[in-house]
Amino acid sequence: MGNIIFIAVEILLLGAGLYFVPFFTLVFMTAFSLLYLWFGFKIRKILYYIIPVLFLARVFFSVDFNIFENYYISNIKTNIIAGRGKVEKINKKFPLENIYISAENIPDGKYLLQGKSTKISDKYNFYDFEIMEKNEISPNLFEIFFDKKLKTIKKYISNNCGNFLQGVILGERRYIHKNIRDNFTYCGTAHLLAISGLHIGIVTGIILWILNLFKIKREVKYTLGFLFLTIYMTGITKSPSAVRAYIMGGVFLIGKIFYEKTDIKKSLALAVIINFFIYPVSFGNISFIFSYLCLFSIVYIFPKYYITKEKRYKNILNLFIFTGIIQIFIIPVSVYFFKTVPLLSYFTNFILTPLGTIFITFGFLCFFIPKTIFAVFFAPVLQGIYNIIEFVLNFFSKMPCLTIKYNGNLSLKFIIFIYIILILLFYLRKERNKNV
């Protein structure tokens, strides 16, 4: 197990290094480190050397290190929603920084565009894109299926409920009304809007539950489960958190096929490696940082504080500990990126997360049931759950100090230092308690 975790740490450091030092400086530092590992520590595990080199090769051939300049003619790949889109690729390469464009008078969809860019905002790296040539990227078979089903579903529920469903099931969170997104952020529950471990866990559970009804062999059940989960991922908009959750879900299902005991630490390490090889610039994505920080705290910190002894309200206490540890670990990055401190969102999660779970469960099932059954039974239930979520959100959004603004400036070095201290405190305190 230690081998894959060590490799994951190597890849994570390299992925982060892209944002701190020039690429060829990173190559030199990597070469020096690997040589020292070989000759200094005399470690002869070949994968420790091959995987980092392959990753650097992947970066060299797939990442665009050039600055997206004004009036520069470029070919970009983007997903346009309401006249705006995030640049996914520039000249068939991943941009190192997040770039957003305005492209008016273009229907929503995925496009390959050629044109000139003019910077509008330095704060958000936002450009006006003058289109010279455009080619729409045709959706795949599964995207077409989900799109058709969504249009049918939206006929029986409110527009806000439909857009919310589109966000939490298909990953198109930009369709969710800005006021709703802002309220989720203020309540500290924005994680419900991004497809992550919660969503993939629910989807996997539903798939396996349905397959259990047919009483098929274990190997066939989990093979079909992996296949259907892959189909679902193929039909939605993917994000680093979704990819991470899919990889871990896939490792779980494949392990079940071969009767292997699933090791969550090994699964997390494998997810990091695969995630970076698919998206070498993942470290520049905020959802990637939040997703893996939460999972790190769950996998490595929470088990050290989990109450195993039988006592009254043990499950409730463990739930408080679980939520509290996650909140502590996301506060520094929340302050750094959003200038906010989720002070009391610890409590809002106890209400909104179960409601979100119920909505996701019913929402996913809605895509696979006949229209008549949906219209009569599921549509009123789905709309009712959404109405409760909106009511609770509005109630909490009027409460002061759920999330407070921080107007100061924290350096990235200081944030890293805070995390080092946090990890040391959690580990050292638990070790001290063991020795008492």
Fill in: Separation of Ser267 OG from Ile254 CD1 (nearest 0.5 Å)
10.0 Å
Worksheet item: Are the side chain of Asn275 and the backbone N or O of Ser282 linked by a donor-acceptor pair below 3.5 Å?
Response: no
Item to complete: Describe, in one word, how the ring planes of Tyr279 and Phe94 are oriented to each other, choosing from parallel (under 30°), tilted (30 to 60°) and perpendicular (over 60°).
Response: perpendicular
Worksheet item: Which atom pair, heavy atoms only, marks the closest approach of Asp128 to Ser102?
Response: OD1-O, 3.5 Å
Worksheet item: Under the side chain to side chain contact (heavy atoms under 4.5 Å, CB included) criterion, do Tyr111 and Ile131 qualify, and how do the steps go?
Response: CA-CA 11 Å; Tyr111 292 91; Ile131 298 171; over 6 Å; no
Item to complete: Please tell me if the side chains of Lys92 and Asp64 come closer than 4.5 Å, counting only heavy atoms from C-beta onward.
Response: no
Fill in: Flag side-chain contact, heavy atom, 4.5 Å: Met248 against Ile264
yes
Worksheet item: With a 4.5 Å heavy-atom cut-off, do Ser117 and Ile101 have their side chains touching?
Response: no
Discussion item. A side-chain contact here means heavy atoms from C-beta on lying under 4.5 Å apart; do Leu355 and Phe359 qualify?
Written reply: no
Practice prompt. Please round to the nearest 0.5 Å and tell me the distance separating atom CG of Leu393 and atom OH of Tyr386.
Written response: 8.0 Å
Discussion item. Between Ile202 and Phe364, is there a side-chain heavy-atom distance shorter than 4.5 Å?
Written reply: no
Worksheet item: Do the side chain of Tyr175 and the main chain of Gly162 share a donor and acceptor less than 3.5 angstrom apart?
Response: no
Worksheet entry | Value rounded to 0.5 Å, distance of CZ in Phe350 from CD1 in Ile316 | 9.5 Å
Item to complete: Would you kindly say whether Asn159 and His177 are connected by a side-chain donor-acceptor distance under 3.5 Å?
Response: no
Worksheet item: Could you go step by step and tell me if Leu319 and Asn315 meet the side chain to side chain contact (heavy atoms under 4.5 Å, CB included) rule?
Response: CA-CA 6 Å; Leu319 185 59; Asn315 292 335; over 6 Å; no
Worksheet item: Are the side chain of Thr403 and the backbone of Tyr186 linked by a donor-acceptor contact shorter than 3.5 Å?
Response: yes
Response to the item:
What one should report as the nearest heavy-atom pair of Ile90 and Ser74 is CG2-CB, 4.2 Å
Fill in: Candidate pair Gln383 and Asn387, rule side-chain hydrogen bond (donor to acceptor under 3.5 Å, both in side chains), full reasoning
CA-CA 6 Å; Gln383 183 66 56; Asn387 291 342; 3.0 Å; yes
Item to complete: Please answer whether the main-chain N or O of Gly201 pairs with a side-chain N or O of Thr204 as donor and acceptor at a distance below 3.5 Å.
Response: no
Worksheet item: Is there a donor-acceptor contact under 3.5 Å from the side chain of Tyr300 to the main chain of Lys265?
Response: no
Discussion item. With rounding to the nearest 0.5 angstrom, report the NE2 to OG distance, His191 to Ser291.
Written reply: 12.0 Å
Worksheet entry | Sub-6.0 Å ring centroid separation between Phe142 and Phe146 | no
Fill in: Side-chain donor or acceptor of Lys110 paired with backbone N/O of Pro139 under 3.5 Å
no
Practice prompt. May I ask you to check whether over 12 heavy atoms, not counting those of Lys77, lie within 6.0 Å of atom NZ?
Written response: no
Discussion item. Minimum heavy-atom separation for Arg244 and Ser196, please, with both atom names.
Written reply: NH2-CB, 4.2 Å
Discussion item. Working note: Leu193 + Arg181, criterion side chain to side chain contact (heavy atoms under 4.5 Å, CB included); need CA distance, chi angles, decisive distance, verdict.
Written reply: CA-CA 8 Å; Leu193 304 182; Arg181 295 200 309 266; 4.2 Å; yes
Discussion item. Would you compute the distance between atom CD1 of Ile326 and atom CD1 of Ile298 and round it to the nearest 0.5 angstrom?
Written reply: 4.0 Å
Practice prompt. Classify the angle between the aromatic ring planes of Tyr222 and Phe252 as parallel (below 30°), tilted (30 to 60°) or perpendicular (above 60°).
Written response: perpendicular
Worksheet item: Any sub-3.5 Å donor-acceptor pair from Asn140's side-chain atoms to Gly235's backbone N or O?
Response: no
Item to complete: Could you check Asn75 against Lys89 for side-chain hydrogen bond (donor to acceptor under 3.5 Å, both in side chains), going step by step and ending with a plain yes or no?
Response: CA-CA 8 Å; Asn75 297 292; Lys89 285 191 176 182; over 6 Å; no
Fill in: Nearest heavy-atom neighbours spanning Ile81 and Arg174
CD1-NH2, 3.4 Å
Item to complete: List the steps and the verdict of side chain to side chain contact (heavy atoms under 4.5 Å, CB included) for Lys154 and Asn163.
Response: CA-CA 8 Å; Lys154 282 187 171 183; Asn163 290 341; 3.1 Å; yes
Worksheet item: More than 12 foreign heavy atoms under 6.0 Å from NZ of Lys314: is that the case here?
Response: yes
Worksheet entry | Neighbour count >12 (heavy atoms, 6.0 Å) for atom CZ, Phe368 | yes
Worksheet entry | Taking every non-hydrogen atom, the tightest pair across Ala375 and Tyr156 | CB-CE2, 3.6 Å
Worksheet, complete the sentence: dist Lys86:NZ -> Ile99:CD1 (nearest 0.5 Å) comes out at 10.0 Å
Worksheet entry | Candidate pair Phe396 and Phe347, rule ring-ring contact (aromatic ring centres under 6.0 Å, His included), full reasoning | CA-CA 10 Å; Phe396 281 130; Phe347 300 102; 9.7 Å; no
Worksheet item: Between Arg58 and Phe277, is there a donor-acceptor pair closer than 3.5 Å when you use the side chain of the first and the backbone of the second?
Response: yes
Worksheet item: Do the ring planes of Tyr306 and Phe302 sit parallel (below 30°), tilted (30 to 60°) or perpendicular (above 60°)?
Response: perpendicular
Worksheet item: Near Phe395 CZ, under 6.0 Å, is it more than 12 heavy atoms from other residues, nucleotides or ligands?
Response: no
Worksheet entry | Lys NZ or Arg CZ of Lys116 over Phe129 ring: under 6.0 Å, within 45° | no
Practice prompt. Check Val341, Thr340, Ile418 against Ile331 for a side-chain contact (heavy atoms from CB on, under 4.5 Å) and give me the one that passes.
Written response: Val341
Fill in: Flag, side chain of Ser334 to backbone of Ile330, donor-acceptor distance under 3.5 Å
no
Worksheet entry | Validation row: Val203, Phe228 side chains within 4.5 angstrom (heavy atoms) | no
Worksheet entry | Non-hydrogen side-chain atoms of Asn98 and Asn125 separated by less than 4.5 Å | no
Worksheet item: Which heavy atom of Leu26 sits nearest a heavy atom of Leu14, and at what distance?
Response: CD2-O, 3.5 Å
Worksheet item: Do Leu56 and Phe60 have side chains that get closer than 4.5 Å, going by heavy atoms?
Response: no
